[in-house]
Amino acid sequence: MEYNFRAVEKKWQAYWAKNKTFKAENNSSRPKYYVLDMFPYPSGAGLHVGHPLGYIASDIVARYKRNEGYNVLHPMGFDAYGLPAEQYAIQTGTHPAVTTEKNIKRYREQLDQIGFSFDWEREVQTCDPKYYKWTQWTFIRLFEHWFDKTQNKARPVSELIKFFNEFGSSGVSAANDEHEPFTDEEWKSWPEERQQEMLMNYRLAYLSETMVNWCPALGTVLANDEVKEGFSERGGHPVERKKMKQWSLRISAYAQRLLDNLDHLNWSESIKEIQRNWIGRSEGAAVYFPVKDHDKAIEVFTTRPDTLFGSTYMVLAPEHELVSELTTEEQKAEVEKYVTWAKNRSERDRLAEVKEVSGVFTGSYGINPLNGEEMPIWIADYVLSGYGTGAIMAVPAHDSRDFAFAKNFNLPIIQVVKQKNEEIISTEDWKESYDAMDGIMMNSDFINGLEVADAIQATIKKLEEKEVGYGTVNYRLRDAIFSRQRYWGEPFPIYYKNGVPYPLEVEKLPLELPDVDEYKPTEKGEPPLARAKNWFTEDGYPLETNTMPGFAGSSGYYYRYMDPHNDKEYFSKLANQYWRDVDLYLGGDEHATGHLIYARFWALFLFDTGMTVEEEPFKRLINQGKIQGRSNFVYRVVGENKFVSYHKRKEYKTQRIHVDINLVHNDILDIDAFRNWMPEYKNAEFITEDNGKYVCGWEIEKMSKSKYNVQNPDDLIKEYGADTFRLYEMFLGPIESHKPWDTQGIEGVSRFIRKFWRLFHDENGNFHVADEKPNNKELKVLHQTIKKVKEDIDKLSFNTSVSQYMICVNELTDLKTNKKEILEPLTILFSPFAPHITEELWSLLGNDESIAFAEFPEFKEEYIKESSFEYPVSFNGKMRFKIKLPLDMSKDKIEKAVLEDERSAKYLGNQPPQKVIVVPKRIVNVVVAK
RNA sequence: GCGGAUGUGGCGGAAUUGGUAGACGCGCCAGACUUAGGAUCUGGUGCCUUCGGGCGUGUGGGUUCGAGUCCCUCCAUCCGCACCA
């Protein structure tokens, strides 16, 4: 009887569900192992073959760890808030909850087919009030905390208020927005509203007027990581900069800790590097430049304070707050024209015209605080409002952008750094700037002759002495904008009293998402929640109408899995003390700057407030590679309904057309199916290869509907079964590399599964396993496999484990093994990869319990020990023949045996060897003169 | 431009501290069984060859008895960031 995967897989999936086989217990004396997948957004398209790749890998680890005796937490849930369901709602009026629920159901069915060992009792859905209650709760906690730079951690706002009452604002070292300092007396004299307004400068979740990424097409603002090259990541709509009042999270306060902790994480170097770049730490100095005939000063951030004497002009970003104030009457018209032009230029245009130099003079002058020189203040969009202070001191001699600008507008260029024996050429003759990272200072007063590094330190010291600047660190990482003008998201647990925001009492949570008549913004441009009836507190105060962004729900879901049914707390302290952190986290690298930063921030905050025992949430991170599509092509003769096979296409003038991969097997086109594919091909003619077959061309491309190369896992599972599907996805290649999906190879894996099944059955298909003692050969291959598989799973090198299983089964087939003492351990060994067939065989072997908790076989060195080794013998590095010698043979004897071998004579000629290298258990290399 | 990664048969990919390059699978070739083969099984399969052997891990060089692996040079591809002061 052939292996009937359909019946077997269904049977065991039902068994696992019924027996709750994979339910994880919080009370356990066993060591814990937490293996997590990034939970999916349930899109309408369902799972494609790329999704399960990571899930299969994590499932193998989860199952392996159970066999190893760990208490495994392996949950799954859904990142259920998101734009597609809402866009669909706007178009059709269908409530996003309905769409989402439908999609989740479909995802669940697809996942269940693959035989994952998820503990579904712990499922979380971000749109479930029982879950988002804790998202809202965390938001309130963030609102009620500020960041103390001295202690380098979050502290309650109540402590800050106490401090203000006693000392005013001086002496508080906080991550905060700038404000005028105040005394304790002033603080106490202020009315409630004024105090609240001040506290807003400190809160970790705060409301402020900020420059945001506004996406008109989506009708909402977006966080920085949701914008790619001036377009929204979802949908690809243009994004513009706009000033709006928005909620933000003060993630920048954690920049240094987010950076430092990276060093201790077992993540891929590339992801860590992406995060380092995103955080973008740079050391330098803040310098204040007084403005001539003004009481204002311009603050500038520079990494090169040593070049202060080479700074000849200043530049403000067009959005800089002092622009209008510093513009003189004569320049007003021109400046306004420029600012308007710069503002209306889309982000896209700006990026495309990087090389274009543009700018305008304000008419004002800044004063160099160290030498009193006057520096014209310009406005130019090569200075970004979003980085540093939005203003720079320009050093054209040593910065290429400043140089180009200075050349264009005829501004002076002063060289201040030179190499040791450099011949000085007038800067007027320079063709490009000299971007000197090191060298010796010149034209620079008190730092002349110093090395750059020393000059930087000396300058900072001087700036601090004169109180015109200070050494500081700047980060590229901006606070995360947390408001969305959308319907399908978590409502903010915030209401407004006299325009001042207050958090709801915790007992009032969750604040449930209200129903609305339409999912669009109101006529007045308010968010959809403004349409809700009675969107007020019990006392009649209006509730916040923004909702939270997609990353709100995904920032802390991994904690909720630890204790998902707790309705008193986010999660209990005890649960957290047991599960601690995620041991292995799998997901795509597209979350490098979004989710993985926000989640780490969320975790740091919870840690600071004593909620958790581990500072970092994800100990080890693996990014599974993307699965690319493999497209097939047919070649149509131009102007005719005639198609030429691949190898003859050059004889005609042809046009390459994508053909549905389902009509092609091993690059051979099913001509009849092709004719029926589209009416226009009904009467198509074919010029085939000489063997009568039509061969298609192929190419690796992105998987997409329009390329007809999308592989749906359901079809494959129907045809080959889940075990084969799992095995094949793992067999494709290393988990982290991107790889093309090519179904051709799945046949081989399917053959292997059947071959494995046959080991347990006789020619007539009857289950037949013998109780005989195994021989050395059988034990050897078993133990080699135990060793290899264990090592490979630890390394997450799943493709090579599959190879080893194949080698093992091939060998056991050759040995005609059907002995229980070999096959039973092999079954356990194989169960993490192919759980269904192994459960079936395990039960046929007479076991009553699931194989999920069977003890993983122990590797015994003695079975793979060899007494002899077949030495490859090389002459001058080229392998010539092999010789089998005992392993305990001495080097001298090996050398002798090799040289005396009759085959050696040919390579030695008549001369004695110059040298013989013998590496025991490796190789023999004989060096002979040429 | 900066940063990161990767280059091995027709294809996906193996290869411990430097030690038999191409495991395993696909594909292909031949054979067996078959009414049939897009089923199954067996054998072969890096390239060239005058059948002695020669050449082979992106390029060129180096270290070494020995290099896919280490060092230097260049090239290509992919990814990330990008007027970051």
Side-chain angles (χ1 to χ4, degrees), chain A residues 2 228-229 268-278 280-282 284 300-304 307 311 315 317 350-351 353-357 380-384 386-395 398-402 404-405 435 474-476 589-590 592-593 625-626 630 665-668 670 693 698 700 727-728 731-734 736-749 751-752 754 791 797 799-808 810 870-882 906 913-919 921-928:
Chain A
E2 270 286 279
K228 297 271 180 287
E229 289 177 17
S268 75
E269 211 38 58
S270 71
I271 288 271
K272 290 207 256 188
E273 207 49 42
I274 289 171
Q275 292 215 340
R276 287 189 190 109
N277 289 339
W278 190 257
R281 181 185 203 270
S282 49
V300 151
F301 174 76
T302 175
T303 53
R304 294 296 298 275
T307 61
S311 179
V315 186
R350 215 177 58 73
L351 286 167
E353 295 164 17
V354 163
K355 296 283 172 294
E356 303 267 318
V357 177
D381 68 353
Y382 82 90
V383 171
L384 306 173
Y387 184 79
T389 60
I392 62 154
M393 59 173 221
V395 185
H398 304 291
D399 180 284
S400 56
R401 295 151 303 174
D402 296 343
F405 194 85
D435 299 355
N474 189 58
Y475 299 93
R476 201 188 78 111
D589 58 6
E590 66 272 21
T593 53
K626 279 194 192 58
R630 186 181 190 276
H665 289 278
N666 296 344
D667 293 336
I668 308 288
D670 181 336
K693 286 176 179 171
W698 61 272
I700 303 303
L727 220 49
Y728 185 55
F731 190 53
L732 279 177
E736 290 183 272
S737 49
H738 299 251
K739 46 205 163 257
W741 180 261
D742 179 359
T743 32
Q744 289 186 40
I746 200 168
E747 298 279 354
V749 174
R751 271 196 279 274
F752 158 70
R754 283 173 296 185
E791 286 169 359
S797 171
N799 55 327
T800 50
S801 322
V802 177
S803 297
Q804 183 61 39
Y805 290 131
M806 288 174 169
I807 291 167
C808 181
N810 286 345
E870 191 167 32
Y871 281 91
V873 179
S874 299
F875 290 81
N876 289 338
K878 289 194 181 71
M879 209 279 286
R880 297 301 181 183
F881 62 85
K882 291 179 186 173
K906 184 170 160 190
Q914 289 183 339
K915 198 173 179 183
V916 180
I917 290 109
V918 177
V919 184
K921 222 190 157 181
R922 278 280 140 77
I923 198 171
V924 177
N925 190 20
V926 183
V927 186
V928 288

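The sequence lines fix the lettering, A, B, ..., with proteins before strands; numbering per chain opens at 1.
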Trainee: With the sugar-phosphate defined as primed atoms, P, OP1 and OP2, and the base as all remaining atoms, what B/S/- string results for nucleotides 50-55 of chain B, 5' to 3', for protein heavy atoms under 4.0 Å?
Mentor: --SSSS
Trainee: Figure out the NZ/P separation between A:Lys626 and B:rG80, and round it to whole Å.
Mentor: 7 Å
Trainee: Just the rounded figure in Å: distance from C1' of B:rC78 to CD1 of A:Ile274.
Mentor: 12 Å
Trainee: Which part of the nucleic acid does A:Asp670 contact within heavy-atom distance under 4.0 Å: base, sugar-phosphate only, or nothing?
Mentor: base
Trainee: What pairs of nitrogen or oxygen atoms, one from the protein and one from nucleotides 2-12 of chain B, lie under 3.5 Å apart?
Mentor:
residue: B:rG12; atom: O2'; partner: A:Leu732; partner atom: O; Å: 2.5

Trainee: Any side-chain N or O of A:Arg476 under 4.0 Å from OP1/OP2 of B:rC81?
Mentor: no
Trainee: With sequence neighbours excluded, what pairs up with A:Asp402 under the salt bridge (Lys or Arg N to Asp or Glu O under 4.0 Å) test?
Mentor: none
Trainee: Across the strands shown, which category fits A:Arg751 at heavy-atom distances under 4.0 angstrom: base, sugar-phosphate, nothing?
Mentor: sugar-phosphate
Trainee: Tell me whether the rings of A:Phe301 and A:Tyr387 are parallel (<30°), tilted (30 to 60°) or perpendicular (>60°).
Mentor: perpendicular
Trainee: Pick out the pairs of N or O atoms, protein on one side and nucleotides 42-48 of chain B on the other, that lie under 3.5 Å.
Mentor:
none

Trainee: Specify the separation, in whole Å, of atom CD1 of A:Ile923 and atom C1' of B:rA21.
Mentor: 12 Å
Trainee: Heavy atoms under 4.0 Å is the rule here; annotate nucleotides 59-71 of chain B 5' to 3' with B where the base is hit, S where only the sugar-phosphate is, and - elsewhere.
Mentor: ------BS-----
Trainee: How far, in whole Å, is B:rA5 from B:rG56 if one measures between their C1' atoms?
Mentor: 26 Å
Trainee: In dot-bracket, 5' to 3', how would RNA chain B read with Watson-Crick or G-U wobble pairs under 3.5 Å, [ ] for crossing ones and | for pairs to another strand?
Mentor: (((((((..(((......[....)))((((((.......))))))(((....)))..(.(((..]....))).))))))))....
Trainee: In whole angstrom, give the distance that lies between atom CZ of A:Arg754 and atom P of B:rG25.
Mentor: 14 Å
